[in-house]
Amino acid sequence: DTSGAWDWKMEKNSFTVHGRSNFASPAVIEYKKGSEWLHFKPDILQYANDTGATQIIAAPRAVNGMVHGNTITWPSAYGNGMDFSWEIEPSRLAKLLTITRKNRLPRVNQIIRDGGNPVLELNLELALSQGLKVLIGGKVWQGEERDIQGLIEFQDAQGNTLWHFDTPLSWDSRDPLAKNPANL
């Protein structure tokens with residue numbers, strides 16, 4: 001039990017969420033249900049393309065977060081005007097990177113543009129308890145580095161889904177359809 005190392009604790013439905021105030025901690029969020037746990041650490045924010053070229057934008061900063069209702073927010077986690085938050089919901093792991101103005105992001109280098117399909121990537125590191133398995137698009141993940149653009153499920157040894165990530169979404173705050181965001 002690592003709960004003594006955590007700054008916050010939230011009880012949700014049938015599981016517990018722990019959080020650390022410092023965004024640059026080795027693990028920032030823990031989901032725990034029974035003896036199963038899942039640790040998350042937000043990592044590099046970068047541009048990438050189809051050729052595998054990357055352009056680092058920012059690493060997590062050692063900023064302190066705050067809790068508001070069901071949300072933990074780390075202001076300027078990736079630099080001025082780039083906040084990160086985690087919304088705690090009954091079964092869904094909702095993470096949000098909020099960029100207040102487009103000019104907060106650096107220009108995309110030409111090598112990224114030339115490589116085809118430039119994208120903004122937010123990398124996450126995770127650690128799992130021994131009894132958990134991860135399914136990506138319904139198939140068991142073998143631990144390799146992957147770009148993920150589909151449903152991610154975390155199942156216990158009996159095949160019960162404990163938590164899931166939905167397909168990544170993005171939207172512009174000026175978009176009148178922002179309440180119904182489109183896929184990346």
Less than 4.5 Å apart, any side-chain heavy atom of Asn117 and any of Asn49?
no

**Asked** Is the Tyr31 ring parallel, tilted or perpendicular to the Phe40 ring (thresholds 30°, 60°)?
**Response** perpendicular

One pair to check against side chain to side chain donor-acceptor pair (under 3.5 Å): Glu121 and Gln46. What are the steps and the verdict?
CA-CA 5 Å; Glu121 289 183 341; Gln46 66 187 13; 2.7 Å; yes

Q. Are Tyr47 and Asn109 close enough that some pair of their side-chain heavy atoms sits under 4.5 Å apart?
A. no

Inset, instruction - Check the angle between the aromatic planes of Phe23 and Tyr78 and answer parallel, tilted or perpendicular using the 30° and 60° thresholds. - result: perpendicular

Lys133 side chain near Gln155 side chain, heavy-atom distance below 4.5 Å: yes

>> Apply side chain to side chain donor-acceptor pair (under 3.5 Å) to residues Ser21 and Asn64 and explain how you reach the verdict.
In response: CA-CA 5 Å; Ser21 181; Asn64 289 322; 3.3 Å; yes

task = Determine, step by step, whether Val28 and Trp86 satisfy the side-chain contact (heavy atoms from CB on, under 4.5 Å) criterion, reporting the C-alpha distance in whole Å, the side-chain angles of both residues, the deciding distance to 0.1 Å, and the verdict.
result = CA-CA 10 Å; Val28 177; Trp86 218 287; 5.8 Å; no

Worksheet item: Just wondering, do Trp37 and His39 contact through their side chains at under 4.5 Å, heavy atoms?
Response: yes

**Study point:** Non-hydrogen side-chain atoms of Pro75 and Met66 separated by less than 4.5 Å
**Key:** yes

Ala27 and Arg20 have their tightest heavy-atom pair at O-NH1, 2.6 Å

- When hydrophobic residues are tied together by side-chain contacts of less than 4.5 Å, even through go-betweens, does Met10 share a cluster with Trp8? yes

*Please say whether more than 12 non-hydrogen atoms of neighbouring residues, nucleotides or ligands are located less than 6.0 Å from CD in Gln110.*
yes

Contact check, side chains of Trp6 and Ile29, non-hydrogen atoms, under 4.5 Å:
no

Note to self: Within the structure provided, determine whether Met82 and Leu105 are in side-chain contact (heavy-atom separation under 4.5 Å).
What the structure shows: yes

Worksheet item: Should Ile57 and Ile44 be counted in the same cluster of Ile, Leu, Val, Met, Phe, Trp and Tyr side chains packed under 4.5 Å apart?
Response: no

- Message: Quick one, Glu36 and Leu162 - any side-chain contact, counting heavy atoms below 4.5 Å?
- Response: yes

